[in-house]
Amino acid sequence: MSSEPPKKYAIALFTGFQALDAFGSLDALNILSFETPLELCVLSTTLDPVSTIPSPAKSGIIGQSVVPTHTYKDAPKDIEVLLVPGGYGTEDLESTQPIVDYIKTAFPNLRYLLTVCTGSSLAARSGVLDGKNATSNKLLFDWVAALGPNVKWVRHARWVHDGNIWTSSGVSAGIDMLYDFMANQYGEDVAARVAEVAEYIRNTDPSNDPFDKSS
């Protein structure tokens with residue numbers, strides 16, 4: 001396995017994904033790519049635009065759509081890092097099954113898997129989190145945990161790093177997780193520069209989780 005930092009990323013989208021789950025991490029990578037050339041694939045079941053609005057849509061809900069570059073069936077074989085966001089759409093077990101299947105198939109060839117929020121439910125359903133420490137959105141933590149009974153779920157955590165897998169708590173926690181991943185792979189100085197450009201105040205302590213109300 002290469003010792004060089006990864007260059008080839010992909011994000012797995014589905015109807016009803018959470019916008020910040022995806023774009024919080026992607027924006028940091030966008031900034032990083034100005035000094036370290038990267039590649040990005042946007043994956044979905046089809047090449048149709050993917051909406052952040054869950055289906056069926058309720059009146060008054062607004063959202064945005066993203067155009068995929070590849071389907072799960074023709075995704076590049078050399079993807080190094082797969083980012084899986086969460087969102088209300090993860091609650092539709094039937095429509096997200098293609099993503100679950102893709103994670104299971106692709107994981108052995110990935111260098112790293114990163115999930116944000118309830119994106120960990122998709123990874124858990126694929127079996128790749130079995131025996132691993134992982135976390136998820138606190139409001140839906142018990143629901144996610146039930147989908148992965150063999151996962152070592154960590155409730156009190158902003159994010160969790162176990163081997164080649166990073167999982168984060170809800171929504172904005174994915175940004176802190178991505179910066180931790182960036183520091184791990186490209187160096188703390190790089191992560192600090194990217195955060196400076198973004199004027200982002202990082203939480204660098206994964207155990208600093210003010211949203212865990214269980215204790």
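All residue numbers refer to positions in the sequence shown, counting from 1. None of these values were measured; they are calculated from a predicted model.
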Give a yes or no on whether [X] and [Y] share a hydrophobic cluster (residues Ile, Leu, Val, Met, Phe, Trp, Tyr; joining criterion: side-chain heavy atoms under 4.5 Å apart).
X	Y	value
Tyr88	Val116	no
Val66	Leu38	yes
Ile61	Val171	no
Leu93	Val151	yes
Tyr179	Val160	no

Is the shortest side-chain heavy-atom distance between [X] and [Y] below 4.5 Å?
X	Y	result
Ser214	His156	no
Leu20	Ser172	yes
Thr115	Leu122	no
Leu43	Ile79	yes
Asp101	Tyr72	no
Thr167	Ser136	no
Asn164	Leu113	no
Phe14	Pro85	yes

Heavy-atom donor-acceptor pair, [X] side chain to [Y] backbone, under 3.5 Å:
X	Y	result
Glu80	Lys8	yes
Thr69	Val42	yes
Thr135	Val154	yes
Thr71	Asp74	yes
Thr90	Gly87	yes

Over all atoms of both residues, closest heavy-atom pair of [X] and [Y]:
X	Y	answer
Asn208	Pro210	O-CD, 3.4 Å
Ala75	His70	CA-CB, 4.2 Å
Gly86	Thr118	CA-OG1, 3.4 Å
Gly89	Thr96	O-CG2, 3.4 Å
Ala28	Leu178	CB-CD1, 3.6 Å
Pro68	Leu47	CD-O, 3.6 Å

Straight-line distance of [X] [atom1] to [Y] [atom2], nearest 0.5 Å:
X	Y	atom1	atom2	result
Thr105	Leu110	OG1	CG	10.5 Å
Asn184	Met177	CG	CE	12.0 Å
Thr15	Phe17	OG1	CZ	9.0 Å
Arg125	Ser120	CZ	OG	11.5 Å
Glu39	Leu29	CD	CG	13.0 Å
Trp159	Ile175	CH2	CD1	12.0 Å

Short N-O contact, Asp142 and Arg155, less than 4.0 angstrom: yes

Under-4.0 Å salt bridge between Asp162 and Lys152: no

Salt bridge (charged side-chain N to carboxylate O under 4.0 Å, His left out) contacts in which one or both residues fall within residues 175-193, not counting sequence neighbours: Glu35-Arg193, Arg158-Asp176, Glu188-Arg202, Asp189-Arg193

Residue that, paired with Tyr9, satisfies side-chain contact (heavy atoms from CB on, under 4.5 Å) out of Val81, Leu83, Leu114: Val81

Aromatic plane relationship, Phe141 with Trp153 - under 30° parallel, 30 to 60° tilted, over 60° perpendicular: perpendicular

